[in-house]
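What follows is a short report on a single structure.
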Amino acid sequence: MNHNAGRTLSAHSISKSFGDVHALDGVSIDIPAGQSVSIMGPSGSGKSTLLHCLAGILRPDAGDVTLGDEPVSLSSDAARSRIRLERMGFVFQDGQLLPELPAIENVALPLLLLGRPRAEAFGRAADWLARLGLGGLEQRRPGQLSGGQEHRVAIARALVGNPAVVMADEPTGALDQATGAEVMRVLTAATRDAGASLVVVTHDTTVAAWCERHVQIVDGRLFADHTVAAVA
Amino acid sequence: MRTLRLAPLLLRGRIRAGRGLIDLMSVAAFTLSGWLLLVVAAGVNAFYHRQLVPPQPFVAALGAGAADGVSQLAFWTILAVCAGVLLIVPVLTLGAAAARMGALGRDRRLAGLRLLGASGSQVVALSAIETMLAALIGAVLGTLGYLVTLPLWQGVTFQATPLGVGEMLLPAPIIAGVAGLLVVLAAISSLSGLARLRISPLGVARRQPRRALKVWRFLALPAAVVVWLVVAPMLQIARELALSATIIAVAMGIFMGVINLIGPWLLQLFGVILTRFGRPSVLLAGRRLLAEPRAAWRSVSGLAFVGFTGGALVSLPDFAATDPDPLVGILAADLRTGTYLTLAIAFLVAAASTLLNQASAVLDRRSELRQLANVGVPVRLHDRTRLVEVVTPAALSALGSGGLAVFFFALVPKVGSQQLGVLPFAAALLAGIALVWAAGEACRPLVRTAVTGVGPRID
C-alpha cells in the first residue's frame, strides 16, 4: 500500500537566480496525486531548475514548495534529503546506479537507507525487478546490463519506496528512440500503477506525449499548461 | 614528436580546467615516494660503508671483542637490506597509486582526442608523458626534502654511532638513479592503468571487471606452516646469533610474501561477508572491497608488515637479557631502533596510500555522489562507508598478520624476556590503524565539496 499516495505537489510563486541569471521567475504549479506532467522548454529555459526546486534539491530564493501539507523548500538540507528519500523517486539520464552494486542491491538501497530489514528490502526489490521484466537479472551489475535495462532498474529503484512523486530528468536522453519509448511506457505505467505522480523534464515531444499534462517553460516563466490524453 | 608538442598544450588546459588539485596530490605522493626511496637507499648504503670502514664508537664500545664485532658488521647490512626490501614494495606502490591518480579525469579528454583523429598509441603516450612529468617534479621535490632533512638523521643511533650527514648522503648517480626509477615506475603504472580502459572516439569504457581471486592463494598459508615446522627447530640448533637472526629475517621475508598472497583473497572473503549485512554503509563497503580487493590490499600492505614485525618481536626473546656480550646488547638496541624506524615509514606510507586512494575514489565518483545526494542519500552514508572501507582492511591486515606472527614465532624456543612488550606492540598496531583512519577522514571535506560543489545546470 502506498502511504504516500494522495499528496499534491505544489509550487507557489517560486523564483531562483544563479548570479545574474534568473532561472525561474514566479512559477506556480499544482501537481495532483497520480498525474503525469511533462515540463518542456528550450535549453536554458529553467525546466531543470523547476524540477530541482520541486524536489528540494535546490531551495528557491522566493516562494515555497509543499508536498501535501509538508513544506519541502523551507526545510533544512537534511530534512529535504529525508523527504526525497521517503516521498520521492528519481530517474536521471545517466550516472544513477551505483556501479559496484548488483541490480537488486541498487533497487533495495533506498529501503535499506530508511532502515527497513534486509529481507523485506530485498524481497520488495526483487518484486519490482520482476514487475519491470528484469527477473533473473538481479545479480547483474550496471555495466553488465543494456541501457534500457539500466533505466528499468532505475525506475524500480525510484518506485520501490512507494513515493508520492517520481521525478525524471531527461530520462531517455541517452537512449535510442525505440528503447526510449519502451522506458517511457514502463515508467508511466509503473508510476500510474503505484499511484504516484510523475514529473518529466524533457525537450523531446515524443517523450512528453507519454504524459497527460504538458507544461511549457520559457525564460523562467510558465508559458503554457494544458492537459491532453496521454499515449497510453 | 607531434605527441610531445601536444603535451604542454594539454597540460596547460588541464591546469586551467581546475584539475590542479588532483595533480597536486599526485605530485605530493611522488614527492613522498621519492623521499622515502632515497632514505631507504641511503640507510642501506650507510650500513654497507660501515661494514667497510667500522665506526670508531662501535669499535671502542666492544673493547677486546672489537675484532669479532667488526666481522659481524655484514649482518647489519643484511638486516638493512631486508628492511629496505620490505619497505620498498609499499613505497613503490604509493608511487603507482600516484600515477593512477594522475591519470584520473583524463578519460573523456582522451576520447575527445581519439575523435579528432589521434591514434590509440598517441593518447596513451600523452597520458604517460603527463604522469612522468608529475613523477619527475615529485622526484626533484623528494630529493630536495631528502637533502634538507639529512641533518635530522644525526639523532638516530646505530652501532653505538649516530648516523652522520655524510653517511646518509648518497652519491649523485644513485640519487639520479632513484629519481629515474620513480619516473619509469610512474610510466609503467600509467600504462597499466590505461590498459584497463578501452579508449574509443565515442568514449572510454572500462574493460570487463577483474576476475575474483581464487582460493588457491589461501593454500600458501598451510604450505608456509609446513616449511616453518621444518625450519623452526633449526633455530634451537643455530646458537650463532647471526645465523639465527638471518634465518628469522629470511623467514619473515617468506611470510610477508605469503601474507601478500593471501591478504587480497582474505579481503575479498571479508567483502562477501560484509555484503550479507543490511546496513547500507557496510553493504556498500563490502561491494567496494569485492570490486577491488587487490587495490584495497595495496594501500594497507605496509600495515601488514607492521603487524608481522611487531608480532615477531613480541614472540622473540631479548638476546641482550641473557648474553653479557656488548655486541649482543648493541644488536638488540639496533633491532628495536630499526624496527621503530621501519614501522614509522610503513605507517606513513599506509596513511599516504589511503589518503590518495580515497581522494582518487571521491574525485572519480563525483558525479555519482552528486546524483545520490539528489535522490536524498544522506552524505553521512559516504562517511560511514569510508570508515568501514578503510578501517576494515587496515585492522584485518595489521591484526591478522600480527596474530600470524605470534602463532609462527611461538614455535621458536624462548629464552628470557621479550624483545618488544605486548603493550608497545598493541599501541603500534592501534596507532597505525588510527593513522589510516585519520587519512581516510581527511577526505571528508572532499566528499562534501563533491556533493555540493557541482551546481545544477541552469536549464
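Only heavy atoms go into these numbers, but all of them, side chains included; no hydrogens, no water, no symmetry mates.
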Is the number of heavy atoms from other residues, nucleotides or ligands within 6.0 Å of CD (A:E120) greater than 12? yes
Write down the atom of B:N374, the atom of A:R84, and the distance for their closest heavy-atom approach. O-NE, 2.6 Å
Determine whether more than 12 heavy atoms belonging to other residues, nucleotides or ligands lie under 6.0 Å from atom CG of A:D219. no
Chain A-proximal positions within residues 276-285 of chain B [heavy-atom distance under 4.5 Å]: B:R276, B:F277, B:G278, B:P280, B:L283, B:L284
Nearest 0.5 Å, what's the CD-CG distance between B:E368 and A:L97? 9.5 Å
Heavy-atom contact with chain B under 4.5 Å, split by part of A:I57: side chain
Which of residues 437-445 of chain B get closer than 4.5 angstrom to chain A, counting heavy atoms alone? none
Highest number of heavy-atom pairs under 4.5 Å with chain B: which of A:I217, A:L51, A:L85? A:L85
In Å and rounded to the nearest 0.5 Å, what is the OG to CG distance from A:S81 to B:L381? 11.5 Å
Could you tell me which non-hydrogen atom of A:R118 sits nearest to which non-hydrogen atom of B:T275, and how far apart they are? NH1-O, 2.7 Å
Counting only heavy atoms closer than 4.5 Å, note whether A:R80 contacts chain B via side chain, backbone, both or neither. neither
Spacing of A:L98 atom CG and B:R288 atom CZ [to the nearest 0.5 Å]: 7.0 Å
